[in-house]
Amino acid sequence: MDRPKGGMYQQSRLLQIICIVFSLFFLLQIVIILQPRYNLQQHSYDGIDDSSILNLQHANIFASTNGRFNSHQDGTFNTFPIYHQKYEMGFHSNAHCIGNNFQENAWKFQSCHFQNLCFDTEQSRFILFTSQEQIDLERALAHDNLTHFSPASNMNTTVSVGTLNPKWGKEHELLRWYPELRPVDDELKTHGYYMLQTDKVLIPFHSMAGFNPGHLVWDDFLAIYTLLTSFDLLDKEMVIIRYDLSLAMWASCQRQWAKCQPILKKFLPLIGTELIKTSTQNQTILNILHNNHDPLSKYVCSPYGAAGMGLLGDHGFKLHGWQPSDYDYAVNIGRGGSIYQFRNWMMTNIGIPPDVGRTINKSPYRILFSEGSSHQRNRNVSFKKHSQILQERLGGKYELEIRFVKLSTLSLKEQIELTSGTSIFITMCGGGAVTAMFLPKGASLFAYFNEMDGDGETPARLDWDLLNNLGYIRVHWLPRPSNGRLTRRGRGMLGPQPYDFDAFVSLVDHELDIISHLND
């Protein structure tokens, strides 16, 4: 077809030029719109990583700071970066609490998730800044004739700042806690506040008995993990404030700090933090980089906060197996899957891929004897005789790798790497058995106990409630670990008899048969 001639051709060219110009204009507008987002993806600012910058720009409504977040680091709070923010109209805190049983002791069951949980660095207090709507709600709820009205966002409530020890009795009340409620004051309006990054969660925490690894992992760490998963906060980095009470509780780290300190230093990496990143509420460190190192504000806030661990540990209102009543009911029924995820989370935190490594269903089969697992004499036993008989009777049937270890002499990573490749783990029950939770799927735990060592002649199968509900390993309980042992009350106990060793070898044989056919 011939092209248009004369005026028609010129009009056609003009239309083409106009289309090209408009196309270039719209393309330029798209580039301008996308340029800030592109820059955020290409650069880091003052110690805050790219993903955090994006979080600050696109924080969801529950953790927002009105869309304006100063990206230049202004200091640190217990080593964590903080950023000064000017107060803007509408900034306040919110709370969402779960677990209310509508009884006077509801605080023992409750856990709360906070938006903008703040800390007053001068008065060493946790603060929630109430909105006018919150104040109006609390005033309405205070009406004498308003009964059975229970909103989940009510701030006139309390939680337990740590896991409850049944032996504390009425002193439990000292753990009853809630942040102080304050209206937005002139201090906040004038001087603003410092904000932690949006991938942080601020947690006040009172350790029940952190000098004991079993109590620390199963009473404290499991409670923290459960708290985080309850509110989908497991991807956040914890800013832990160790909370000291008005009275130091028996067996608590507040009273036993010299014993707790080395254990916390060793075990805190399991939950993704370090001792140097924690402090008590009275010893926090606010380090300002600018303004001649003088703080512009006394408030440090976190977009996320969480508290309430009262009954989130492994035993609830019970002891760990000393008394007959400890066996009346179980707390951990149906919890095996979540505890397995808890195990994997801790392994990931310490840099060990869960269940990636040594295959336990192929020879040689590692049988690990844990010796010296307790400072208590009646639980500090030797398994040399068991090992000797095992090698004599089963050494020709299976290729065995029998090892003895005092786990406390190994680093935490060495303990977990060793245990996660073990087929059968043999130990005394109690706190020293905590490492057994890192056994791989399909492995076996032999937990020995002293049959005369319990209150009211009840065999003290310590931590039975948790161990018997682990779905990924088989847990077996065996009495009479060794000769010449005394109970806690000084009574002599019968040591292992020939029939004990016969049953022990038969059980090992049976378990190795199962393990050798795991993938059949």
Side-chain angles (χ1 to χ4, degrees), residues 63 65 74-80 82-85 87 91-97 107 110-132 134-135 138 153-163 171-196 200-207 224 227 238-249 252-254 257 277-288 294-310:
T65 50
D74 293 300
T76 59
F77 176 69
N78 282 7
T79 77
F80 294 96
I82 54 174
Y83 307 83
H84 184 260
Q85 306 298 304
Y87 169 78
F91 176 85
H92 62 272
S93 307
N94 287 314
H96 170 208
C97 298
W107 65 274
Q110 290 191 141
S111 301
C112 294
H113 178 200
F114 304 110
Q115 174 196 4
N116 295 330
L117 176 61
C118 299
F119 186 79
D120 185 330
T121 59
E122 292 182 0
Q123 297 184 6
S124 301
R125 295 178 181 175
F126 288 87
I127 306 297
L128 292 178
F129 288 106
T130 54
S131 64
Q132 185 58 51
Q134 186 76 45
I135 295 172
E138 302 299 336
S153 53
N154 175 23
M155 289 188 179
N156 184 22
T157 188
T158 50
V159 299
S160 177
V161 75
T163 308
E171 292 176 337
H172 278 168
E173 288 289 332
L174 294 174
L175 280 82
R176 193 169 184 169
W177 175 90
Y178 200 75
E180 180 181 321
L181 304 183
R182 292 183 184 175
V184 173
D185 56 18
D186 290 339
E187 170 79 20
L188 184 69
K189 292 179 178 179
T190 303
H191 301 291
Y193 53 94
Y194 291 99
M195 180 65 83
L196 292 161
K200 304 296 187 290
V201 55
L202 183 59
I203 299 178
F205 157 67
H206 181 80
S207 176
I224 290 174
L227 177 67
M238 288 178 287
V239 181
I240 293 178
I241 305 296
R242 303 192 314 273
Y243 200 86
D244 281 351
L245 306 176
S246 57
L247 174 68
M249 307 289 272
S252 70
C253 282
Q254 187 176 350
W257 180 243
K277 294 182 177 181
T278 73
S279 74
T280 68
Q281 78 272 27
N282 300 312
Q283 298 173 321
T284 59
I285 299 175
L286 181 63
N287 180 30
I288 302 303
D294 291 328
L296 295 174
S297 173
K298 66 178 182 178
Y299 293 123
V300 175
C301 299
S302 174
Y304 300 94
M309 305 175 199

Do [X] side-chain atoms and [Y] backbone N/O form a donor-acceptor pair below 3.5 Å?
X    : Y    : value
S160 : G162 : yes
Q281 : D244 : yes
Q110 : T158 : yes

Which residues pass the ring-ring contact (aromatic ring centres under 6.0 Å, His included) test with [X], not counting sequence neighbours?
X    : result
Y194 : H84
F205 : none
Y87  : none

Side chains of [X] and [Y] in contact at under 4.5 Å (non-hydrogen atoms):
X    : Y    : value
S207 : R242 : no
N94  : H96  : no
Q254 : L247 : no
K298 : H191 : no
L296 : I288 : no
L286 : P295 : yes
S302 : V239 : no
N116 : F91  : yes

Identify the heavy atoms of [X] and [Y] that sit nearest to each other, and give their distance.
X    : Y    : result
F80  : L196 : CB-CD2, 3.8 Å
P179 : L128 : CB-CG, 3.7 Å
A306 : V201 : N-CG2, 4.1 Å

Legend entry - Positive for side chain to side chain contact (heavy atoms under 4.5 Å, CB included) with C301, one of F77, F119, Y193: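 When side chain to side chain contact (heavy atoms under 4.5 Å, CB included) is applied between C301 and each of F77, F119, Y193, only Y193 qualifies.
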If you round to the nearest 0.5 Å, how far is [atom2] of [Y] from [atom1] of [X]?
X    : Y    : atom1 : atom2 : result
T76  : N287 : OG1   : CG    : 4.0 Å
S297 : M195 : OG    : CE    : 11.0 Å
I203 : I241 : CD1   : CD1   : 10.5 Å
Y299 : T121 : OH    : OG1   : 9.5 Å
Q85  : D74  : CD    : CG    : 8.0 Å
M238 : L202 : CE    : CG    : 12.0 Å

Could you tell me which residues satisfy side-chain contact (heavy atoms from CB on, under 4.5 Å) with [X], sequence neighbours excluded, listed by chain and number?
X    : value
H172 : W107, K108, L164, W168
C112 : C97, F114, V159, Y178
S153 : L137, P151
T79  : K277

Legend entry - Residue pairs involving residues 182-193 (criterion salt bridge (Lys or Arg N to Asp or Glu O under 4.0 Å); sequence neighbours excluded):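 Qualifying pairs: D120-R182, E180-R182.
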Non-neighbouring partners of [X] that pass side chain to side chain donor-acceptor pair (under 3.5 Å), sequence neighbours left out:
X    : result
T280 : Q283
Q134 : E138
S93  : none
T130 : none

